2 protein chains.
Amino acid sequence: MSGAQPTLDDVAREASVSRSTASRAINGGERVSPEAQAAVDDAVARLGYSPNRAARSLVTRRTDSIALVVPEPDTLVLTDPFLTGVIRGVSDGLVGADLQLVLLLNRVDEGPGRLARYLASGHVDGAIVASHHRRDQLESALARAQLPAVFVGRPFGDATHHYVDVDNVAGARLATQRLIDSGRRRIGTITGPLDMPAGIDRLQGWRDTLREHGLRDDAVVECDFTASGGAAAASRLLDAHPDLDGIFAASDLMAEGVLRTLHSRGARVPDDVALVGFDDLGIAQHTSPRLTTVHNPVIRTTMAATAALLALLAGAPVPTTPQIFTPTLIEGESA
Amino acid sequence: MSGAQPTLDDVAREASVSRSTASRAINGGERVSPEAQAAVDDAVARLGYSPNRAARSLVTRRTDSIALVVPEPDTLVLTDPFLTGVIRGVSDGLVGADLQLVLLLNRVDEGPGRLARYLASGHVDGAIVASHHRRDQLESALARAQLPAVFVGRPFGDATHHYVDVDNVAGARLATQRLIDSGRRRIGTITGPLDMPAGIDRLQGWRDTLREHGLRDDAVVECDFTASGGAAAASRLLDAHPDLDGIFAASDLMAEGVLRTLHSRGARVPDDVALVGFDDLGIAQHTSPRLTTVHNPVIRTTMAATAALLALLAGAPVPTTPQIFTPTLIEGESA
DNA sequence: TTGTAAGCGTTATCAT
DNA sequence: ATGATAACGCTTACAA
């Protein structure tokens, strides 16, 4: 009933070795005799010892924690299953790593200063950045702080940052091609935020595909990855281009909104207007009709980002060429 | 371009005061002359000084971090918008508190040991527990560790734990009453996991209301708060009780699944079967028909939990009577 | 292989 | 109000 945590000295005493030997035994056991190792292991178990992170950090100059940064200025996007997938992926990628996962969310309507300052202050050893926007200044902040970081999704700047991504252009091509294959010739798109690489790239893939087929690429409405945004955007898109027979929504959440708008206008899906989404993070199977979409391997992507960060932290040579995952088309009933 | 973080000594030197004075000035400024205070503030700003958390922790014996614990054994529930709301609420509740938010997720198929050990090891000053299950042993672990903690949702054990909750019984009564008011007399329910208080209480509220009206309360299928689970549960429920004219689903995610099953069976909603859900976390507005549901103020609840934890950490007297929020009925088109 | 000893950057105690 | 000085618990030369 001592209440107080046992210290390394307690362990050393219990194991009848010096504090340094105990320390060595606990940290991998270099230059420790089998007997000493066993005695220390025993003492640790008996005492329920757990190293004091603060003391360790103070001398190792590492914090043994990494930040998951979500610099999302828009509250709504947190409803996005994407974030949940990212959290799950990072968490899973950390198994056995004994690193704390510190969550760094932007407060609503807050500038980029706080996050940048925090990251520059040496409170974490590294960072994974998700939902990165052009104006969030995270790239420069991370570079200045020289903090090991991996972006989930291609960053904007020069090629100095590590990142992992899904091939959004290819995914959008898949979606658009699917619409063309089902006979559509007048295809519009509802984009993600165009200050995010995912938004930009998916628009690009849509445009490239249409042009290659000699089709018009002027039916575009910028949106925000939310369902209600998607519904509103669909109204504007259909008002401006009543002849549309296909729509590519750059996220399933937006596609859900599009579906509502189409229903309320009495347009049949896919008979009147075919629809393809993007993400496949649980929404697509629950819409009616089920959404044809592009599978975005978020968890795999994020686990890869975590692995890359761990490698960086371990000082391993990490290739600067990013890891890019290939999305696949998921057939539904909407196209 | 020194790269290294400035230390308190640097600040003291820059401000021409002793290290102790600098420290006092930085920590609230007790017994510091205005001149000294100004000089230190200046130096801090010029140097971009940020205290070394590890060194501070070592002496204060606080870690300045709290854990958000999600001991969810079931991967799927992480798709639940509930978790997103919790994260947002805790994060928002932490504004200005200068506390790190450490995310502690259960790994899939993992026992409760790791989380309990972590919490007992003094790595965090306190914890907020969400998505608590009966067998996750968190209550005893937290009690043993004497770690300040606040549960989001009533815990199982005796009244020793602090918690914040929504009145799930009242919410379920609201939902059930709504079905009765619309003329339904044969009402079933699809429950949440019955090893979770939210699952238990919502079942209770449904049952109480039916009994008070002299209606049968035997049409029950236990489920898991997921959409696909809800769809399957609805099939079983309707097979066993073909005469049902109303269903209370204990979460919107499950209600979404129920809706699919009803559609596929050609049952009209609400004409043939009326449906009320629970949560109103963004799903309800996107179904067709829009779901009638019970608003669960997750963000407010979670912010209150965070505030309570902060008070506990500050040593403030926190009443042991829990804060209970009242849910409200949200009209949709499904009942 | 082991132990001794010197810090890591901060707060807290206690004179002044 | 201020400034020495002693912890806090750990890792890591360096010596043995």
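Within every chain, numbering begins at 1; the chains are lettered A, B, ... in the order of the sequence lines, protein sequences first and strands thereafter. As the structure is a prediction and not an experimental result, all values here were calculated from the model. In what follows, every heavy atom counts, from backbone to side chain, and hydrogens, waters and symmetry copies are set aside.
- Residues Pro322(A) and Val164(A) form no side-chain contact, since every pair of their non-hydrogen atoms from C-beta on lies 4.5 Å or further apart.
- Of the residues in residues 35-56 of chain A, those with a non-hydrogen atom less than 4.0 angstrom from any atom of DNA chain C are Ala36(A).
- Note on Ser23(A): a side-chain N or O is less than 4.0 Å away from OP1 or OP2 of dT11(D).
- Side-chain atoms of Ser121(B) come within 3.5 Å of backbone N or O of Arg117(B) as a donor-acceptor pair.
- Between Arg62(A) atom CZ and dG9(D) atom P the separation is 20 Å, expressed in whole Å.
- In terms of phosphate contacts, Thr7(B) brings no side-chain nitrogen or oxygen within less than 4.0 Å of OP1 or OP2 of dG9(C).
- A salt bridge links Arg88(B) and Asp92(B); the closest N-O separation between the charged side-chain nitrogens and carboxylate oxygens is under 4.0 Å.
- We find that NE2 of His123(A) is positioned 14 Å from P of dG9(C), with the value rounded to whole Å.
- To the nearest angstrom, C1' of dT12(D) lies 14 Å from CD of Glu30(A).
- At a cut-off of 3.5 Å, with distance as the only test, a side-chain donor of Ser18(A) or Thr21(A) sits close to an acceptor on the other residue.
- Listed by chain and residue number, Tyr118(B) satisfy the ring pair (Phe, Tyr, Trp, His ring centres under 6.0 Å) test with His123(B) (two or more places apart in sequence, or in another chain).
- Of the charged side-chain nitrogens involved, at least one lies within less than 4.0 Å of a carboxylate oxygen, so that Arg46(A) and Glu14(A) count as a salt-bridged pair.
- At dG3(D), one or more side-chain N or O atoms of Thr21(B) fall inside 4.0 Å of OP1 or OP2 (strictly under the cut-off).
- Listed by first then second residue, pairs satisfying side chain to side chain donor-acceptor pair (under 3.5 Å) with a partner in residues 61-71 of chain B read Arg62(B)-Asp64(B), Thr63(B)-Ser65(B), Thr63(B)-Asp125(B), not counting sequence neighbours.
- Protein atom CG of Leu58(A) is 17 Å distant from nucleotide atom P of dA7(D), rounded to whole Å.
- Sequence order on DNA chain D of the closest nucleotides to Val17(B) and Val59(B) puts Val17(B) first from the 5' end.
- In this structure Asp165(A) satisfies the side-chain hydrogen bond (donor to acceptor under 3.5 Å, both in side chains) test with no other residue, sequence neighbours excluded.
- Contact annotation for Ser20(B): base contact, defined as any heavy-atom pair under 4.0 Å involving a base atom.
- Heavy-atom distances to DNA chain D give each of Ile26(A) and Arg31(B) a nearest nucleotide, and the one nearer the 5′ end belongs to Arg31(B).
- Separating the CZ atom of Arg24(A) from the C1' atom of dC10(D) is a distance of 13 Å, rounded to the nearest angstrom.
- Look at Arg61(A) and you'll find a side-chain N or O under 4.0 angstrom from OP1 or OP2 of dG9(C).
- Within the 4.5 Å cutoff, the side chain of Leu94(B) has heavy atoms near those of the Leu101(B) side chain.
- For the helix from dT1(C)-dA16(D) to dT16(C)-dA1(D), the terminal axes (five pairs an end, C1' atoms, rotation from four pairs onto the next four) enclose an angle of 30°, given to 10 degrees.
- Counting to the nearest Å, the P atom of dT11(D) and the CG atom of Leu8(A) are 6 Å from each other.
- Rounded to whole Å, the distance from CG on Asp64(A) to P on dC10(D) is 13 Å.
- Scanning for ring pair (Phe, Tyr, Trp, His ring centres under 6.0 Å) contacts around His162(B) gives an empty result, with sequence neighbours left out.
- Atom pair Arg19(A):CZ and dG7(C):P shows a separation of 14 Å (rounding to whole Å applied).
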